[in-house]
There are 2 protein chains.
Amino acid sequence: MPRHLNTAFAAPWDLAPTPGGDDNPLVRRLEGFAPLSQADRTLLLSHCANARSYPAQTDLARDREEPDGILVVLEGFACWHQYRQTGARQITAYLVPGDLCEWDTALIGRTDHAVSTISPCRIARISREALRNSYGAQTGLAKALRMSSLVYEATLREWVVNVGCRTALERIAHLFCELHVRLDAVGLASGLGFDLPLTQGDLAVTVGLSNVHVNRSLQALRRDRFIDLRGRRLTILDWAGLSNLAEFNPGYLRLGRAGER
Amino acid sequence: MPRHLNTAFAAPWDLAPTPGGDDNPLVRRLEGFAPLSQADRTLLLSHCANARSYPAQTDLARDREEPDGILVVLEGFACWHQYRQTGARQITAYLVPGDLCEWDTALIGRTDHAVSTISPCRIARISREALRNSYGAQTGLAKALRMSSLVYEATLREWVVNVGCRTALERIAHLFCELHVRLDAVGLASGLGFDLPLTQGDLAVTVGLSNVHVNRSLQALRRDRFIDLRGRRLTILDWAGLSNLAEFNPGYLRLGRAGER
DNA sequence: TTATCCAGTTAACCTAAGATAATGTCGGGT
DNA sequence: ACCCGACATTATCTTAGGTTAACTGGATAA
């Protein structure tokens, strides 16, 4: 059982130690994209049973004993990020429970991009070999995986827009809106609140700002009663205001009627 | 025959009016990712034969008579971009000859992201139905398409890094390095020079800067003899210097030994 | 109990880049 | 030869956000 930084907050997955069946976030997520056959579901569940725990701040690329396939986050926060030679760092994506990332050693191997945990995580790896059974283009699983990849791309485009042409306040607001929708989709939000295991420094390198300016902006968001952020818990006090500020439109996440709050 | 803005420069595709066989940029591009069967190649070529011409500045999403599938650029520059309500605009990706983009009406339909031509283009659409024939996960085509998607994702991550934590000079330098490598891979560069049908305004919304600052930065790059940019032609005068300035590492493009210049 | 560490906060100052707008250049159309 | 529109360039002033560094407070460890 992984020990979380913020055990005080009793994250949902601490209460349900062995996710199986419908509370498996991967199955839940993929079924949002396309209906899965019973065979698909049991395939996924059986591979998730082999998930391993990783401590916070751990590079998932380094132990590359696994062949090509996908890497699935079942609990905790992970991220794609890149270090520059200057020491600067940029987070380019978050992986929250139910998210997966395509793992192609041919592609990942040599780049300076890395995938790491942020908080302690449970992560499963499923080889492409294992997926191949139900991998005709017609099956629901194949379609769901394709959709998952398209949503990931759309999210990246949204992030380019975020750092490319939004103000500090808008960037942070947009990120918070996105994270809430994504976490809510896998049952990790309670109303407008959710656990957010990120430091202000993490936020800064996500959103392309300095620590100090993130701090200032968070205070502004608090002062104007958009959010409440204490400890590692974020509550959105004014969804309409925040999403309006950010021009947040959840369509790119393809989660059905999410975003109607 | 599309009329190009810069006919004065006689782009390669003007000299070879009917790309077929090996000078088809799509086939050339995909074969860089995985070996294709003869059936794969003829399939691709036959669909490229139905390509249509589009003038510059044309939204490719609007005429959505085609079903899901991929959209292939054979000639010209296109881009993904997004308008904000404020009128601001952000380009999130370029599509150059040989590039494709997955077209999923379920996904694209409602988002505010659009795909448009920049210069006049020849573009083919291939339905997913048509691809399904050789779409077992084992075939080369399927693998090449998957790689293509992974490369697109990696490029997007790189762009997030670009706008997230690089200076104006570095951003532009990085973009130029990337474009050169990509165009060179489909034979559209002659040495270190290539046609670049982008205005400074286009560059600005790509790289998250103002028109004016792009202008200043270009002058600096010219003054320091990194580049020569006149008309719509860019020549990199000092590849080592420019790629070093940008910390450009072409690995993410997965083009074999590209970048060794 | 104190020392240490880490995250968060604040303040003073600085700079890269934005905004605006005037001016220049060039090619195309008439 | 003239005008026009699209880009590019330049100058000016303004501002969002960066940098540095000091200080706080809670949590853990010794």
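Just so you know, these numbers use all the heavy atoms, side chains as well, and skip hydrogens, waters and symmetry mates. Letters A, B, ... are given to chains in the order of the sequence lines, protein chains preceding strands, and every chain is numbered from 1. What you are looking at is a predicted structure, and each value in this text was computed from that prediction instead of being measured.
- In this structure, A:Glu170 places its CD atom 14 Å from C1' of D:dG17, rounding to the nearest Å.
- A:His174 and A:Phe248 have perpendicular rings, their planes meeting at more than 60° on a 0 to 90° scale where under 30° would count as parallel.
- Between D:dA8 and B:Gln219, no contact under 4.0 Å exists linking OP1 or OP2 to a side-chain N or O.
- The side chain of A:Asn215 has C:dT9 as its nearest neighbour among C:dT9, C:dA17, D:dT10.
- Closest approach to the B:Val212 side chain among D:dG17, C:dT9, C:dA19 is made by C:dA19 (side chain taken as heavy atoms from C-beta onward).
- Summary of the strand contacts: A:Leu198 and B:Asn211 both lie near DNA chain C, and taking for each the nucleotide with the nearest heavy atom, the more 5' one is attributed to A:Leu198.
- Atom-to-atom, CD1 of A:Ile118 to P of C:dA7 comes out at 13 Å; the value is rounded to the nearest Å.
- Within 4.0 Å of A:Leu218, counting heavy atoms only, lies no atom of the nucleic acid at all.
- Screening A:Val214, A:Leu203, A:Asn215, A:Val163 for a side chain to side chain contact (heavy atoms under 4.5 Å, CB included) with A:Leu209, the sole residue that qualifies is A:Val214.
- For C:dG18, the base has a donor-acceptor partner in the side chain of B:Arg216 [N/O atoms by modelled type, under 3.5 angstrom].
- The local environment of CZ in A:Arg84 is crowded, with over 12 non-hydrogen atoms from other residues, nucleotides or ligands closer than 6.0 Å.
- Between the CG atom of A:Leu221 and the P atom of C:dG8 there is a distance of 15 Å, given to the nearest Å.
- Side-chain nitrogen and oxygen atoms of B:Arg230 include none within less than 4.0 Å of the OP1 or OP2 phosphate oxygen of C:dC26.
- As rounded to whole Å, 17 Å separates atom P of D:dG18 from atom CZ of B:Arg166.
- The side chain of B:Gln200 has D:dT9 as its nearest neighbour among C:dT20, D:dT19, D:dT9.
- Counting non-hydrogen atoms under 4.0 angstrom, B:Thr199 reaches the backbone sugars and phosphates but no base.
- Between C:dC26 and B:Arg232, no contact under 4.0 Å exists linking OP1 or OP2 to a side-chain N or O.
- Between B:Trp239 and B:His180, the ring-plane angle classifies as tilted under the 30° and 60° cut-offs.
- Side-chain contact between A:Phe77 and A:Leu183: present, with at least one pair of heavy atoms (C-beta onward) separated by less than 4.5 Å.
- Between A:Arg222 and C:dT9 there is a side-chain N or O to OP1 or OP2 distance below 4.0 Å.
- Protein atom NE2 of B:His213 is 13 Å distant from nucleotide atom C1' of C:dA19, rounded to whole Å.
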